[in-house]
Amino acid sequence: MEMQFYPIDVDYVTNKAGKAVIRLFGRSTDGKRVCVIDSNFEPYFYAVPESKTKVASIRKEMEKIRVKHDESLFYVSSTEVSERKYLGKDISAIKVVVNHPKAVPAVKDIVKKISGIAMVAEADITFEKRYLIDKKISTLVLCSVNGEEFDANADVDLVLEAKSIEQTGEEMLSPKILGFDIEVYNKLRIPREEKDPILMVGFYSDNFKKVITWKKLDKAEKYIHFVKDEKELILEAVKTIKEFKPDYLVGYFSDGFDFPYLRSRAKKNNVELNINLDFSKISFRKRGELSSVQLTGFAHLDIYRFIKRITSGGEIQLESYDLDTVAKEMLNEGKADVEIPELAGAWDDNNQKKLKEFCKYNLKDAELTFRLTEKMLPNLHEFTKIIGQPVQDICRMTFGQFVEGYLLRNIQQFRELVPNRPSYNSISDRSMDSYEGAFVYQPSPGLYENLAVFDFRSLYPTIITSHNICPSTLTLDSKNAYETPEIEVNKRKIKHYFTSKHEGFIPIILRDILTRRNRIKEIIKKNGKDPILDARQYSLKILANSFYGYLGFSGGRWYSLECAQSVTAYARNYVQQVIEKAKKEFEVVYGDTDSIFIRLGKKTKKDALDFLKEINRGLPSLMELELENFYVRGIFVSKKSETKGAKKKYALIDEKGSIKVRGFETIRGDWSILAKEVQEKVLDMVLKENAPQKAINFVKEIIKQARQKKIDMKKMIIRRNLTKEIKSYEQIGPHVAVAKKMIEQGAEIPAGTTIYYIINEGKGMIRDRAKLPEESSSYDSEYYVNNQVIPAVKSIFEALGYKETYLKEDHAQSKLGEF
DNA sequence: CCATATCGGGG
DNA sequence: GTGTACGATATGG
């Protein structure tokens, strides 16, 4: 029979005959959950002989290989000579086909030892990845399959054994998404998996709301479902997922919290989290402290991980990635307003009213998770389609992995053999390599008016394409080659050369990405905004911008120090050239990596634009200097202990009154709200109103209010995490001291607990005066003035020239009366 | 200057 | 599992 479907999850299993078969789980066009089995794909790798002369004898030797491993026999099924390239050079490789994916590592080790073998390649690409690459299948994109119905032990509507399968369209899956979230008993601030039960599980989707809990609530909302205990709650949650049949089950930090917690509580209650479509156990792949929780048959997404990756470094800079902040920024809607530390108390006291609120809160979290996923879907899907790997992997991949995934798929057209993933040792060797990065033109601290900012459009990608920078074009021959600017290595000046006789695969692939992106941007310009096209161009932008970093990433297969060095060398050269030219007409205020900030002074905007045109006439075709914006005012500040202006620490206001702040994120979650608010307001007054004196008066007023204890205690709360067991602390910080006192009063405080505290008035050390917010009646205003307010605004006022008068090093305290 | 420590998300 | 392996930033020697 014929069927069209969207593959979502791909893996392989070994069938009764001992053969590895690929399974593609997905959704058919008529809405069924399906599993397609493809048993027509063979595992293989490549062996590269030292010279062509020995190929015949090597093949004979390889074909004799037999390895016993546990119960199975691994062997070479066939070999075949394949003319390939390796980093641009022609080589003969032998394709070695083996009887099982697990035979690859075993056989590979033996092949490596055969004399006359130079290297073994592509033995480290997983079977299912290899399948997707070779079959040119992207998950989530429509596939046609011809096959026979098959009887298999899987919780799907249809299993097909494929005779043929191919990707047939561009059309994408519209997935069934189920957001979920758990609430747990939290007498202590951090719940303990062994002791504290799960109290609620919430689910949300289009036309679907459900909260499961095990305390009966009278006159509760319809969506609340009651069960008798935690065990039943877990079973009911499993049943809910089974019946809903989502394509994506989505949580927020569910890799780090919800799933590990569910697993632990399921074990405690002696029940199985039986949601995988083949009834197998859920895989928790440890990666440092965090695990990646992978389901079989459908996708588990931790949307937090994708959002964090995709937004950092982008336009919107979030100060925190907690669900409330992210949802407010992206959905204009925050979490339900409850005091989560009160949940345990409400549960113990059977406080019906409060528990109903917590149910609502639980549902809201699931809803926000669901909505964020909907919002991110265009980007998530574009990456999945471009990179061609399952959506659950894309959701967790770094940009370096994006580049490598993209190269792996697109390198095939060049017949390039894929370099091996570097060994642990070579990674650590490579990470010793250091090289010069971007150029920074240091600003003099101060307030400037009337600025123009230029930047190079996609500077690093266009440098790579314009100068043919690629591991395959690197040459020692300076004839017919691009010559880099001088590069200083160990006090010696060197240059690299990249041939101009043929184009490297990285420049070709990258140029294709850039031109595709430009085409999409033109369509958007012509036809107006379109979220899908916008996601597509943004994905291509991120991908293109990641190539340079990838070349210098020690864990990369195509790592090349020479390439990475060359990219930054060219970049420094171009930016410095523009700065030198700009200096003849304007005052240059600042420059960093790919941007130049100039003061217009008596010159006009037109003069700035003419200058831009002039520069662009001299650049290679793909490179371009663009106007980023004109700014009314800008403040450049210096970091402490630096006299010159700091890198990337400035704030600008444009003609529309919107403020752009860079590098002020020293104010993080572990500072008081007071410090954050003061800094924000000061920047506002300086930039928007051009009123430094008013800002000073404002800070003076805040200090006065602090001293008169007129500021809300909530704004004084500082939080900090305990990273280890209390006993193992040598350095007793304020948060450690608070925790110690709590323990003395009988509390249990495991590692990982967040301690909230306020510094109280009195004599002695800071740590002895740190107390829980509920135990604090007042606060030490001098501490907050000197350690929170002043540090938050100090550098801003210094840049404005108030240094000597108002802020004298650490003795600021005595001077602050005048402040 | 480079090596080590901390932190994030979740309740 | 055709293994594994966070990444960015702050501090401290």
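Note that this is a predicted model, so its numbers are computed, not measured. Chain naming here is simple, since letters A, B, ... match the order of the sequence lines and numbering starts at 1 in each.
- If you check the side chains of A/H100 and A/T14, you find a donor sitting under 3.5 Å from an acceptor.
- Within the nucleic acid shown, A/I427 has no heavy atom closer than 4.0 Å to any nucleic acid atom.
- At a threshold of 4.0 angstrom between heavy atoms, the contacts of A/K195 with the nucleic acid are absent.
- Remark: A/K267 pairs with no residue by the side-chain contact (heavy atoms from CB on, under 4.5 Å) rule, at least two apart or across chains.
- Residues A/Y252 and A/L368 have side chains not in contact (no heavy-atom distance under 4.5 Å, counting atoms from C-beta outward).
- For the side-chain contact (heavy atoms from CB on, under 4.5 Å) test, residues two or more places apart in sequence or in another chain that qualify with A/D196 are A/Y185, A/P191, A/R192, A/Y261.
- Between the side chains of A/Y44 and A/D134, at least one donor-acceptor pair of N or O atoms lies under 3.5 Å.
- Taking a 4.0 Å limit (strictly below) on heavy-atom distances, residues 249-260 of chain A reaches DNA chain B at A/Y252, A/F253, A/F257.
- Under 4.0 angstrom from either OP1 or OP2 of C/dT2 there lies at least one side-chain N or O belonging to A/Y12.
- Legend: residues meeting side-chain contact (heavy atoms from CB on, under 4.5 Å) with A/A770, ordered by chain and number and at least two apart, are A/P734, A/V738, A/Y757, A/I759.
- Residue-level contact check: A/D124 touches the bases, meaning some heavy atom is under 4.0 Å from a base atom.
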(Q) Could you spell out the base pairing of DNA chain C as a dot-bracket line? Use Watson-Crick and G-U wobble contacts where both distances are under 3.5 Å, [ ] for crossing pairs, | for partners on a different strand. (A) .....||||||||
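- Listed by residue number, the members of residues 300-308 of chain A with any heavy atom below 4.0 angstrom from DNA chain B are A/Y304.
- Closest contact between the side chain of A/D322 and the listed nucleotides B/dG11, B/dG9, C/dG7 involves B/dG9.
- In this structure, A/D181 reaches the sugar-phosphate backbone alone: every heavy-atom distance under 4.0 Å involves primed, P, OP1 or OP2 atoms, never a base.
- Between the CG atom of A/N420 and the P atom of C/dG3 there is a distance of 10 Å, given to the nearest Å.
- Within 4.0 Å (heavy atoms only), A/P101 reaches at least one base atom of the nucleic acid.
- Comparing B/dG11, C/dT4, C/dT2 by their closest approach to the side chain of A/R421 singles out C/dT4.
- Taking 4.0 Å as the cut-off between side-chain N and carboxylate O, A/E122 and A/R130 count as a salt-bridged pair.
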